Every structure is written in structure tokens, then in C-alpha cells.
Amino acid sequence: MNDAAGSVLQEAPEQPLLFMLNGEQQRVWVSARNTLTEVLRERLGLTGTKHGCELGECGACTVLLDGNPVLSCLLLAVECEGRSVETVEGMMQGAKLHPLQSAFAELGGTQCGYCTSGVLLTAKALLERQPAATRGQIREALSGNLCRCTGYQQIFESVEEVIRHMQGKPAEPGSAS
Amino acid sequence: MSKRDKFRVVGKPRARIDGLSKTTGQTRFADDITLPRMLHCKLLRSHVPHAEILDLDVSRAEAMAGVHLILTGEDFPVTYGILPVSQDERALCKNKVRFVGDPVAAVIAVDEDTAERAARSIDVRYRPLTTVSDPVKALSQDAARLHDYGEEGNIHRRLAYSFGDVDESLADSAHVFEDVFFYQGNTHLALEQHAAVAAADPEGRVTLWSSTQCPHYVHRALSKALELPTTQIRVIACPNGGGFGGKTDVFNHEIVVTKAALRCGRPVKICLTREEVFYCHRGRHPVLMKIRTGVSADGKLTGMHLQTLLDGGAYGSYGVASTFYTGALQPVTYHLPRYRFDACRVFTNKPPCGPKRGHGTPQPRFGQEIQLDKIAEKLNKDPAELRLDIVEQPDTLTANYLKIGTIGLAECIKRVVARSKWQDKHRKLPFGRGVGIACGAYLSGAGHAIYWNKMPHSGVQLKLDRSGSVTVFCGSTDIGQGSNDVLAVIVAEVLGICPDNVRTVTGDTALTPVDLGSYSSRVTLMTGNAAIQAAERARDLLAKAVAEQLEVPGETLLFADGCVFDPADPDSGVSFEQAVVAAESRFGTLGTVGSYAPPRPEARFKGGGVGPSPAYSYSAAVVDVEVDPETGMIIVNRVYIAHDIGRALNPVSVEGQVVGGVYMGLGEALMEEQVFRRMPPKLSDALVHRCPSMLDYKSLSSLDMPEVIVELVENPDPNGPFGAKEVGQGPLLPIMPAVANAVYDAVGVRIDEVPITPEKILKGLDQKARGGEGRVGPADFPDIQWPEPYFVPPPWEGGDGQSTNDPEQKRAATMHKMDRTTAS
């Protein structure tokens with residue numbers, strides 16, 4: 001990227017972007033055409049966000065924008081100015097796992113792990129919206145996140161396990177299973 | 001094997017050792033690697049399906065700022081291929097392109113955009129050749145030839161085997177059933193696109209990180225294609241973001257970036273776009289097949305003649321093995337006294353086909369299991385009962401000399417029949433609802449490596465030191481199936497420690513002993529057995545040292561719960577860490593090895609090397625569907641599946657593999673297809689992929705996936721680690737035919753091909769309404785000039801596993817040479 005002879009220098013000038021990333025203020029120089037996926041992965045080194053299709057079909061790049069799941073491969077980074085973005089790297093609170101993270105590991109909600117970040121963030125947004133989501137609602141919410149490994153069943157079971165725990169013992173993050 | 005009958009780790013549902021890395025986004029896939037001064041690579045791919053390259057002008061691209069290197073076919077004089085008999089690929093095409101997507105040049109530049117722009121400014125002049133798009137037409141000798149090797153014309157490979165006189169059996173049978181089926185091709189669609197990063201060091205050595213399932217084979221191929229000693233090359237398999245067979249081959253981009261890193265002296269990375277992944281393919285072969293089966297009056301099989309025609313696409317890939325696999329496993333499910341098998345693979349101008357989950361076996365399994373449904377109906381038998389009556393026996397040698405050990409198929413059938421309340425449903429549900437049953441079998445690892453050698457298929461090294469820590473080194477590759485966890489579970493069980501205290505170092509040709517790779521469902525069984533051996537050797541060292549310390553016989557010591565103790569006097573035991581200290585004090589630095597090679601196959605005939613396995617897994621499934629006769633829409637209500645796993649090492653992982661296999665099978669049954677179309681003549685008339693994107697290539701979403709009821713049949717196999725057999729591929733096999741059979745039960749139409757779409761159901765219903773048979777599928781199987789079959793009398797007809805006709809006299813010397821290599 002820093003090669004002096006590089007054609008990058010002929011491109012449109014970059015602009016500063018200021019936004020909240022995983023609860024912290026983040027400033028980064030971006031070009032107007034950079035997607036949020038590119039900026040997260042290539043500029044900021046947050047490779048937990050994945051890419052799988054380049055056209056908004058697979059859901060691997062899902063992040064939360066102001067708490068709502070969005071496809072970061074279809075979102076220009078400049079659109080995030082002043083807004084709040086959460087990636088999988090922001091799900092842990094300090095050293096404490098989010099209950100979804102432990103439940104997915106315990107119950108087989110993750111196999112290869114490539115779709116997992118997107119699935120987790122979609123599920124997190126769902127639980128904030130519908131803490132007692134039914135299986136039907138979970139299916140609906142995750143229908144934009146393709147998984148080729150699990151057949152989804154253990155994903156549903158992982159989310160349901162967290163719901164059960166949240167209902168039984170509401171304030172116990174990290175002990176989902 | 002463990003002396004204990006009670007397991008402490010094996011069989012317990014647990015989080016995999018790498019589970020949290022995945023749920024925190026910390027697993028580092030190949031495209032997550034960034035190195036200082038890294039350059040980026042883009043490939044220019046052919047937009048024509050079949051042509052000679054007349055001229056390739058890189059001058060405009062070379063002049064662009066930021067471009068560091070351009071490579072073309074001239075830079076890769078040596079061909080390669082995954083199988084020794086099919087060395088037909090070049091990292092970049094030199095004289096000829098063979099499908100839309102074949103790479104002709106590579107640009108290495110400061111960033112991806114620059115590389116992409118430069119690649120587009122390379123001028124290529126092509127002289128078009130006739131496109132071969134249809135496998136039946138590819139059989140004709142006047143079509144333009146894709147390769148100058150193979151049998152003749154575009155016939156890559158023909159096989160013919162006769163295990164006893166099948167024609168005689170069929171002539172004597174009460175019934176003969178003859179059916180033609182077609183299985184459309186489809187692709188793996190792993191969520192992670194292939195990526196690779198190469199970096200050279202000042203000593204001239206090079207390291208490749210890649211999303212590969214088979215680092216050992218990539219290592220060998222790089223050495224050949226780049227004419228570099230293997231000692232100069234290190235291949236590291238990154239965790240794969242799904243493989244399903246799609247990352248088992250050696251890919252041109254891996255060779256290109258390795259060469260580029262050596263030439264540029266800087267790291268070079270490539271990540272394929274989704275479209276390019278569709279061109280890499282190596283997926284399910286489209287197979288046209290004809291099955292003639294003889295049946296006795298009471299429903300026993302008397303013989304089968306199976307013929308298959310495989311559309312191989314543009315290169316060999318694993319195709320010769322795939323061709324064998326379309327016939328090899330038919331005799332391992334039901335008792336088949338005689339069996340004839342002919343197979344033919346042809347080249348066409350499409351992305352090369354290869355191994356996908358089930359490798360060559362789902363296609364004929366689809367046909368056979370539908371045919372059994374037809375047989376049951378004709379004989380007025382229950383299809384589940386019919387199958388139970390013909391299930392093969394344990395400890396049997398099949399007609400084609402495959403040695404079956406344990407077989408839990410009958411139990412699988414009984415379990416799904418009971419769970420699904422089959423008896424209350426089959427042929428009893430109202431019009432529009434139905435159930436179907438089907439079975440399958442799969443290998444727990446192939447009996448031979450892809451290249452002939454007498455070395456182990458899997459090796460494990462174990463390192464223990466005074467800290468009490470244990471590290472397993474193994475060449476296996478975790479593609480998401482959980483193979484790292486398998487190593488940890490096994491070592492932990494033997495040494496009596498917690499799996500989380502076992503570290504794994506895997507898939508690195510410089511650090512880990514060779515394992516052949518994550519394919520053919522070989523990993524659990526083969527690395528597992530190697531790990532048991534290494535761990536038992538370590539346990540013996542520790543036991544000896546502790547026994548001396550405690551002054552008790554070593555054999556009495558128990559390794560459990562992080563301690564080593566005499567069960568007669570548990571309080572006098574030592575911690576595992578103290579045991580390691582004792583052993584390190586007594587023996588010096590500790591390290592053990594284990595290795596595994598499969599038993600020698602019984603088959604002695606040429607080509608008998610494909611099919612043997614240390615153990616076969618079995619599955620049975622009942623699928624419950626609803627079909628709307630107005631729209632043809634199919635809703636799968638529920639899938640009941642039982643899998644004969646031998647023993648579940650980690651039930652969470654096993655269940656995940658079963659449901660994942662069902663999911664992928666439903667995709668193949670209902671919607672997934674890798675299909676092609678012609679561009680309009682005024683544009684290019686080129687044969688192009690119809691849907692090289694995830695938007696158009698349909699797969700099941702969370703809304704489409706039915707509930708899956710899983711039954712695990714655990715009957716430990718003596719050849720498996722703690723009795724375990726495979727689970728990664730087998731459970732897919734019964735799904736497609738079970739769906740087809742369920743659709744028939746629901747609306748009375750036979751769809752003898754996949755995918756089973758609403759259009760085909762409506763077509764069948766319409767046909768039936770007009771008095772037709774209500775069948776959608778291929779009409780016939782082409783005439784193929786088969787070679788004289790190898791005649792091998794089955795074991796019960798006095799055979800000894802050798803063919804009785806002498807092939808050497810009947811076949812040309814070149815063919816003979818090819819066979820020798822193929823058999824390995």
C-alpha cells in the first residue's frame with residue numbers, strides 16, 4: 001500500500017473517517033469507494049469479519065451498525081461517519097465471553113468458523129430485540145447468514161440455550177453452557 | 001487400546017479445543033494473513049471455452065505503475081496434476097485454454113486494484129476451437145480433442161470389471177430391473193474463498209500458507225511444478241473455512257504465488273473471488289448411469305450391472321479415482337452375489353470436476369436406492385423390509401473383494417423406521433404427503449495414497465516436558481470438521497488428562513509428520529490410530545518411571561483425571577506433571593511417535609486399489625415431505641437419520657457432521673446445480689457457467705432447513721480408534737434418493753435425476769394425467785465401446801482376488817502403465 005510508485009497515489013484523495021468501533025473512538029483514512037469490510041480487515045486488521053460472496057448474499061461480513069445487523073461488504077465505510085460499529089472482536093467484555101460465544105463453542109454452533117462472526121452478531125441483535133425469540137424467529141433472523149457446515153440445527157440450539165439462560169438467570173454472561 | 005472400559009474423555013459431549021477461537025473471530029484463515037511488504041496477485045482468466053493462444057501481449061500491463069511482475073505460461077514449463085496418471089495442468093495455460101476461467105496470466109502488484117487493472121490490460125489473441133459441452137457428444141471421435149493423452153478422442157478413462165458372470169445371473173432371475181438415472185453436477189460452495197500467501201526467505205526457501213485440505217500433496221506438486229527441491233518448500237495449511245473436497249486438489253494460484261514470492265523477494269498473496277471459486281470447482285461429476293439388477297422372487301439381489309458416464313470437465317484432477325468410485329462401493333451395503341461395473345470419464349470444456357463429499361459414490365447410490373424402491377413396489381414389499389432382508393453381513397468379503405468389518409446398517413434401518421413411525425406413514429399418507437427411505441455406505445479412509453509408496457498414511461509426534469504440557473504434531477488439516485479436537489481427545493484419553501491441556505500443531509510440512517490430508521474420510525481413523533500409538537508409548541514411559549518411584553508394577557497404574565495412580569491405593573498417586581518429571585528424569589527429553597497404515601487390501605486385480613478401506617460407515621434415512629401438486633413445491637418436513645459411527649469420540653462434533661451432511665444432501669437433492677449455457681452467438685457463443693455467484697447458485701438457508709432427528713449407532717469397529725468410524729461424508733449419501741422416494745410416495749411421480757425441482761414434479765404430474773408413466777429422467781444410456789472387462793470370480797466362486805483374463809495381452813502397453821499408477 002505504501003509503494004511510492006503505486007497507482008494508489010493517482011486515486012481520489014482519502015478522507016478521514018471518525019466512528020465508534022467496538023465502543024472506542026476510531027479514526028482512519030479511507031477512500032470513498034472502500035467498503036466497511038475492506039476498512040475493517042485491511043486498514044484496521046480486524047479480520048474476524050469475513051467475506052464470502054461480494055454481493056450481499058452470504059452474510060459472512062455481517063456487523064452491527066448502531067445495533068442493527070448490516071452487510072459490511074455492501075456498506076461504504078464513509079457511511080459510518082459518526083455511527084457505531086460492532087464486530088465480533090467487540091463481543092467480549094474485557095476477558096469475558098458473550099454468552100453466545102460460549103454456547104456456540106459448547107454446542108457445535110460453529111464448525112469451520114467462517115460464517116460464525118456474522119451469525120453471532122445477527123443472533124446478538126436478535127436477542128436484544130426479542131430476548132425470548134422462538135425457533136421460527138431465530139430461523140427468520142438468521143436467514144441471511146449462510147452456513148455450509150452445520151445444517152443450522154446446532155446454531156439454533158446454541159441460540160436457544162442462551163435464551164434459556166437469559167430467562168432463568170438474567171445477569172450471568174459467560175456462563176451460557 | 002486403552003485398558004480401561006470406562007472412558008473419561010471419549011464419548012463426552014464437549015466444546016472443541018478450537019471452538020472459542022472461532023466464536024471470537026481469532027481463527028486465522030489464509031486470507032487473514034498480512035505480511036510486511038506484501039504484494040497482491042490477480043489472475044487473468046480465459047473468457048473463451050476452448051482455444052489456442054495465438055498471442056499474449058503484456059507490454060501495456062507491464063508499464064503500469066505499481067506492477068511488479070507478470071507471469072505467463074512460459075514461466076511454468078512443467079505440468080502437474082493431483083494423480084500421477086493425470087499430469088495435465090499448468091499453473092498458467094501455455095498454448096491452449098480449455099474452459100472459461102482457465103488462467104493465462106498473473107499480475108503481481110502493490111495492491112489488488114492495480115493487479116486487477118493490469119490484468120485487464122493484457123491482450124490475448126485466441127483461435128477458437130470447437131467447444132465440447134456434452135458428455136455424450138464427447139464420446140464421438142470427431143470432436144476437437146482437449147488433451148493429447150487419455151484413451152482416445154475426449155475419453156479420459158474407461159473401466160470394465162466383471163465380478164462373476166452377471167448376464168447369466170440376470171437371465172436366471174425372476175425379475176430384472178433396468179433404469180437410467182442422471183445426477184447433475186454441483187459444487188462445494190465452502191464459505192471461504194480459496195486464498196494463499198507465499199513468502200521467500202533469504203536462503204531461497206519459500207513458505208506457502210494456503211486454504212488447502214492436503215498440504216502434503218501441495219508440497220509435492222509445488223516441488224514438481226516449480227522444479228524446486230522439497231527441502232526448500234514449506235506448506236502450511238491454514239484452518240479451512242469449509243472444504244467438502246473443494247480444497248483437496250493442487251491449485252494453479254498456489255503455484256503462481258509461490259513462484260512470484262521467489263521472483264519478487266516479497267510476500268505475495270491471492271484471494272480468489274467467488275466467481276473464481278466456481279471456476280476452480282473440482283466438484284461433483286455429472287453422471288449418467290444405467291443400472292440393471294436381477295432380483296429373485298423373494299426380493300434378493302442376484303446380480304447388478306452398473307454403467308456410468310462421467311462429465312469430467314477440462315482436466316484430470318482426481319477424475320480417474322472418481323471414475324472408480326462410481327462403482328467401487330455398490331457391493332458394500334447389500335449382498336450382491338455378482339457385479340459388473342463399466343465406467344467412462346470424458347473431457348468437456350467446463351471447470352474440472354473432482355471430489356465432493358461422497359466422492360463419486362452419491363451418484364450411483366442415488367440410482368440404486370431409487371431402483372430398490374421400484375423393486376419393493378413391484379414385489380409388493382415394504383422398502384425398509386426389502387433392505388433389511390438383503391443387508392450385507394459383518395466380517396464379509398464382497399464380490400469385488402472389499403473387506404467389511406462391522407456393519408450397523410440393519411440397526412440404522414430399524415432405528416429410522418421406528419423413530420419416523422414409517423409403518424404408519426409409508427403408502428398411507430394422503431396425496432401430497434409422503435415418506436421415503438434410503439441407505440448408504442462410505443469409506444473410513446482410502447486404502448492407498450494417491451501415489452504409490454509403502455510409508456504410513458498418518459504420522460503423529462508427541463512432545464511432553466516437565467511443565468506437564470503435551471503437544472501433538474500431526475500433518476492433518478482441520479477444515480472445520482474438528483480433526484484437531486480428535487487428536488486432543490485421543491491423546492487426553494490415553495494420558496488421562498483434559499483435552500484442553502493438549503496443544504495441537506497440524507498441517508505444516510516443516511513441523512509435522514506427514515498425514516495425507518483431509519479427504520476420503522480418513523482423518524479420524526488414521527490420525528486417531530497414529531495418535532493412540534504415540535500416546536500409548538508416552539504413557540508406557542511415564543508408567544515405568546512412576547512405577548519405579550512408587551515401587552508398584554507399571555501395568556497396574558491408571559492414568560485418569562490428571563493423575564497417575566495405583567487404583568488399589570489412589571492416595572499414593574502422583575500428578576500427571578510429576579509423572580512427566582519422573583519420566584524426563586529417568587529417560588531424558590521425552591518424545592514419542594505413532595504411525596498408521598491401512599491393512600493390505602484383499603483385491604489383487606488392477607484397479608482393486610480403489611474401494612478398500614479399514615472400515616465402512618453406514619447410514620439410513622427417512623425423509624418426510626410435502627409436495628404441492630399445484631405448484632410442485634417440495635417442503636421437507638423432517639429428516640430421520642441413523643449413522644453407524646462405530647464410536648462417537650465427541651458426540652457434539654459427530655452430530656454436527658451428520659446434520660451438515662443431511663443439509664448438503666438436501667441442497668443436492670432440491671436445488672444445487674453447476675450448470676452451463678451458451679452465450680448468444682452475436683456475443684461470443686461461449687459456453688459459460690450459468691450461475692457463478694452465491695446469488696444464483698442456490699443453497700438452503702436457515703428457513704429451508706428441516707428438523708433433523710439423529711440416531712447414532714455405536715458398535716465399535718476393531719480397526720477404528722476406540723472403535724470410531726467416519727462421519728464426514730456417509731450421512732449425505734441416503735438423502736438424495738430418500739427425497740426422490742418420498743416425492744414418489746407423496747404424488748406418485750418418479751424423478752430419476754437431481755435436482756428434484758418443482759418444474760420436474762409438475763412435468764411428471766402432467767405426464768401422468770395424460771396417461772403417461774409419470775417419470776422425469778434420462779431416456780437412455782449411450783453406446784460406449786467398453787474394453788474387455790477384467791474378470792474376477794467372487795470369493796464364493798473360487799476367486800482369489802485376481803483377474804483370470806490376462807489384461808497385459810489385451811491392452812496396449814501405455815494403458816498398462818497407466819493402470820499400474822492408477823491402482824495406487
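In this text, all values refer to a predicted model and were calculated from it rather than measured experimentally. In what follows, chains carry the letters A, B, and so on, assigned in the order in which the sequence lines appear, proteins first and then strands, with residues in each chain numbered from 1.
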Next on the checklist: Please classify the contact between B/R16 and chain A as side chain, backbone, both or neither, with a heavy-atom cut-off of under 4.5 Å.
Outcome noted: both
Checklist entry - Do other residues, nucleotides or ligands put more than 12 heavy atoms under 6.0 Å from A/Q93 CD? => result no
Next on the checklist: Any heavy-atom pair between the side chains of A/H51 and B/C271 that's under 4.5 Å?
Outcome noted: yes
Next on the checklist: A side-chain contact here means heavy atoms from C-beta on lying under 4.5 Å apart; do A/I155 and B/S702 qualify?
Outcome noted: no
Next on the checklist: If you define the side chain from C-beta out and look only at heavy atoms, does anything of A/E54 sit under 4.5 Å from B/Q193?
Outcome noted: yes
Next on the checklist: Between B/G25, B/G667, B/A190, B/A109, who has the most heavy-atom pairs with chain A when the cutoff is under 4.5 Å?
Outcome noted: B/G25
Checklist outcome for this item: Closest heavy-atom pair, B/M705 versus A/G151, reported as atoms and distance to 0.1 Å, is CG-O, 3.1 Å
Item to check | Option in A/G45, A/G52, A/G48 with maximal non-hydrogen atom pairs under 4.5 Å from chain B | outcome: A/G52
Checklist outcome for this item: The interface call for A/Q111 against chain B, heavy-atom contacts under 4.5 Å, is both
Item to check | Top contributor to chain A interface from B/T27, B/I479, B/T273 [non-hydrogen pairs under 4.5 Å] | outcome: B/T273
Item to check | Any A/R33 side-chain heavy atom under 4.5 Å of B/D113 side chain | outcome: yes
Next on the checklist: Would you compute the distance between atom CZ of B/F244 and atom SG of A/C112 and round it to the nearest 0.5 angstrom?
Outcome noted: 6.5 Å
Item to check | Spatial distance of atom CE (B/M664) from atom SG (A/C149) [nearest 0.5 Å] | outcome: 7.5 Å
Next on the checklist: I need the B/E192 CD to A/Y114 OH distance, nearest 0.5 Å.
Outcome noted: 5.5 Å
Checklist entry - So which heavy atom on B/K22 is nearest to which on A/T110, and how close? => result CB-OG1, 3.5 Å
Checklist entry - What part of A/L120 is in contact with chain B, defined as an atom under 4.5 angstrom from a non-hydrogen atom: side chain, backbone, both or neither? => result side chain
Item to check | Region of A/M91 in contact with chain B, defined by heavy-atom distances below 4.5 Å | outcome: neither
Next on the checklist: Which atoms of B/S653 are under 4.5 Å from chain A, going by heavy atoms: the side chain, the backbone, both sets, or neither?
Outcome noted: neither
Item to check | Segment of B/D31 engaging chain A (4.5 angstrom heavy-atom cut-off) | outcome: both
Checklist entry - What residue in A/A60, A/G108, A/S143 has the most heavy-atom pairs under 4.5 Å with chain B? => result A/S143
Checklist entry - Just how far is it from atom CD1 of B/I709 to atom CD of A/Q153, taken to the nearest 0.5 Å? => result 7.0 Å
Checklist entry - Between B/G19, B/G243, B/G656, which residue shows the highest count of heavy-atom pairs closer than 4.5 Å to chain A? => result B/G656
Checklist outcome for this item: Nearest heavy-atom contact between A/V88 and B/T23 is CG2-O, 3.7 Å
Item to check | chain A contact via B/V662 - side chain, backbone, both or neither, heavy atoms under 4.5 Å | outcome: neither
Item to check | Contacting region of A/Q154 [heavy-atom separation from chain B under 4.5 Å] | outcome: side chain
Item to check | Leading residue by heavy atom contact count with chain B [cutoff under 4.5 Å; candidates A/G144, A/A105, A/G136, A/A141] | outcome: A/A105
Item to check | Per-residue contact mode, B/L20 against chain A (heavy atom under 4.5 angstrom) | outcome: both
Item to check | Nearest-0.5 Å distance, CG of residue B/L191 to SG of residue A/C147 | outcome: 7.5 Å
Checklist entry - So what's closer than 4.5 Å to chain A heavy atoms on B/S21: side chain, backbone, both or neither? => result neither
Item to check | Note: A/R148-B/E672 ion pair, threshold 4.0 Å (strictly below) | outcome: yes
Checklist entry - Between A/L142 and chain B, which part of the residue has a heavy atom less than 4.5 Å away: side chain, backbone, both or neither? => result both
Item to check | Criterion salt bridge (Lys or Arg N to Asp or Glu O under 4.0 Å) on A/K50 and B/D32, from CA distance to verdict | outcome: CA-CA 9 Å; A/K50 303 300 178 196; B/D32 299 338; 2.4 Å; yes
Item to check | Flag side-chain contact, heavy atom, 4.5 Å: A/R41 against B/T34 | outcome: no
Checklist outcome for this item: Honestly, the part of B/P706 sitting under 4.5 Å from a heavy atom of chain A is backbone
Next on the checklist: As an exercise, state the distance from CD of B/E707 to CZ of A/R135, rounded to the nearest 0.5 Å.
Outcome noted: 6.5 Å
